[in-house]
Amino acid sequence: MAGRHLGCLPGLLGIILALLWISEVTKPTPLHVEAFDPRSPRRPMPQWSDESFVIEERAEAPADSMGTTFAVDRGGAWLTAEHVTHGCTRVGIEQGGFARPVSRLVESREADAALVRGGVASDHALPLSDRMPPPGSVGYHMGFPAGHPTLVISELIGAARARRGIGEETQPVLAWAEHARIPMGDGTLSGISGGPVFAEDGHVVGVNSAATDRRGRILTTAPDAMMRLVDASRAVSDRPVAYPFLDLADAKARFEAWLAQGVIRRIFCDVDDTPGRLTAGRPKG
């Protein structure tokens, strides 16, 4: 496999987003973190692509940061990227201009995905699928790069492997080639990590994980690895109906509707356990 180096999205843009955490001054919401690592043999990934990736981590202590999350159950289950939540003292989902602390994380050790529970419910949820789209398919990535809602259109290259950090095990990913953005721009995608990527049939087929501006590649978690985490959490019972995207205008309209409904939101990592303070978050993608 040909190796490709990917700059990890955390901390690539020095934008400051200050949100007031909602919590008791002397009794912050405790965060319970679980790790999920499947014991059964993993299904082999079809090798549509000969590319492999190394995600370069910044050698620094954890810092307050921001990513994207999306609702997968109306009872308050959300998906995001594992690297967005890992090492955080508190995690909060944006609600009414505030970061509402959550109480539980289930982080995958198989893929860059985490399931967030507690604190925030949703009137709607997004449909998930463990089926991999064929290479050449259009993908619709949604999230908050640089803190701003953005729709990224891509084409699926195929399955690949990614390694996050020296000595870490490789993870199954899908590699996409970026084609366009709404609104237009060529800045960093930092902050889109944790957001959904949709296949043309309307299903979420992965979680945004990393990107490289120079090569125009976006990596997302493999759909079957994402679903194994969801099933193991036993927190998702909703089965929303998926409707195929008609065209780019339809994808844009749905993204705007999901933003208005609060189905796709910002998620914040706080590495300091000081309650009731203002936190400065950098986009984490």
TODO: Supply the atom-to-atom distance Met132 CE to Leu174 CG, rounded to the nearest 0.5 angstrom.
DONE: 5.0 Å

Task: Close side-chain approach of Phe144 to Leu259, heavy-atom, < 4.5 Å - done: yes

TODO: Would you check if Pro223 and Ser129 make a side-chain contact, meaning some heavy-atom pair closer than 4.5 Å?
DONE: no

Task: Atom pair CD/CD1 of Glu94 and Ile264 - distance to nearest 0.5 Å - done: 13.0 Å

Task: Contacts of Thr221 that satisfy side chain to side chain donor-acceptor pair (under 3.5 Å) - sequence neighbours left out - done: none

- [ ] Measure from the side-chain N and O atoms of Thr69 to the backbone N and O of Leu79, and report whether any donor-acceptor pair falls under 3.5 Å.
- [x] yes

Open item on the list: Could you check whether any side-chain heavy atom of Thr150 comes within less than 4.5 Å of a side-chain heavy atom of Ile192, counting everything from C-beta outward?
Closed with: no

Open item on the list: My understanding is that only residues two or more places apart in sequence, or in another chain, count here; which of them pass side chain to side chain contact (heavy atoms under 4.5 Å, CB included) with Ala77?
Closed with: Val72, Asp73, Leu115, Ala235, Val236

Task: Residue pairs, two or more places apart or on separate chains, that pass ring-ring contact (aromatic ring centres under 6.0 Å, His included) and touch residues 218-242 - done: none

TODO: Indicate if Val204 and Leu248 have the same hydrophobic cluster label, given that clusters are the connected sets of ILVMFWY residues with side-chain heavy-atom separations under 4.5 angstrom.
DONE: yes

TODO: Hydrophobic side-chain clustering at under 4.5 Å (ILVMFWY, transitive links): who's grouped with Tyr243? Put none if nobody.
DONE: Val241

Open item on the list: Tell me every residue that passes ring pair (Phe, Tyr, Trp, His ring centres under 6.0 Å) with Trp78, counting only those two or more places apart in sequence or in another chain.
Closed with: none

Open item on the list: Does any part of the side chain of His203, heavy atoms only, come nearer than 4.5 Å to the side chain of Arg131, both counted from C-beta?
Closed with: no

Open item on the list: Do Trp176 and His141 make a side-chain contact, defined as non-hydrogen atoms from C-beta onward lying under 4.5 Å apart?
Closed with: yes

TODO: Considering non-hydrogen atoms only, spot the tightest contact between Arg265 and Gln261 and give its length.
DONE: NH2-O, 4.5 Å

Open item on the list: Once side chain to side chain donor-acceptor pair (under 3.5 Å) is applied, do any residues pair with Thr80, and if so which ones, sequence neighbours excluded?
Closed with: none

Open item on the list: Distance check, rounded to the nearest 0.5 Å: Arg266 atom CZ versus His148 atom NE2?
Closed with: 8.0 Å

Open item on the list: Distance check, rounded to the nearest 0.5 Å: Met226 atom CE versus Glu110 atom CD?
Closed with: 11.5 Å

- [ ] Could you tell me which non-hydrogen atom of Val207 sits nearest to which non-hydrogen atom of Val197, and how far apart they are?
- [x] N-CG1, 4.3 Å

TODO: Identify the heavy atoms of Asp112 and Ser209 that sit nearest to each other, and give their distance.
DONE: OD2-OG, 2.6 Å

Show me the donor-acceptor pairs within less than 3.5 Å that the side chains of residues 120-128 make with the rest of the protein, sequence neighbours left out.
from, atom 1, to, atom 2, distance (Å)
Ser122, OG, His124, N, 3.2
Ser122, OG, His124, O, 2.6

Open item on the list: Tell me the closest heavy-atom pair linking Ile153 and Val138, and the distance in Å.
Closed with: CG2-CG1, 4.0 Å

TODO: Could you give me the CA-CA distance, side-chain angles and deciding distance for Ile157 and Arg217, then say whether side chain to side chain contact (heavy atoms under 4.5 Å, CB included) is met?
DONE: CA-CA 9 Å; Ile157 300 171; Arg217 296 287 187 266; 3.1 Å; yes

Open item on the list: Please check this pair: side chain of Thr220 against backbone of Asn208, looking for a donor-acceptor N/O pair closer than 3.5 Å.
Closed with: no

TODO: Quick one: list whatever passes ring pair (Phe, Tyr, Trp, His ring centres under 6.0 Å) with Tyr140, sequence neighbours left out.
DONE: Phe245

Task: With sequence neighbours excluded, residues passing salt bridge (Lys or Arg N to Asp or Glu O under 4.0 Å) with Arg117 - done: none

- [ ] Find the distance between CH2 (Trp258) and CZ (Phe198) and round it off to the nearest 0.5 Å.
- [x] 3.5 Å

TODO: Name all pairs fulfilling the side chain to side chain donor-acceptor pair (under 3.5 Å) condition that reach into residues 245-254, sequence neighbours left out, sorted by first residue then second.
DONE: Asp250-Arg254, Lys252-Glu256

Task: Over all atoms of both residues, closest heavy-atom pair of Thr85 and Ala114 - done: OG1-CB, 3.7 Å

- [ ] For Asp238, enumerate each residue passing the side chain to side chain donor-acceptor pair (under 3.5 Å) test, keeping only those at least two apart in sequence or located in another chain.
- [x] Arg74

- [ ] Under the side chain to side chain donor-acceptor pair (under 3.5 Å) rule, collect the residues that match up with Glu155, sequence neighbours excluded.
- [x] His179

Task: Over all atoms of both residues, closest heavy-atom pair of Pro134 and Ser137 - done: O-OG, 2.6 Å

Open item on the list: Do Asp201 and Pro133 have side chains that approach each other closer than 4.5 Å (heavy atoms only, starting at C-beta)?
Closed with: no

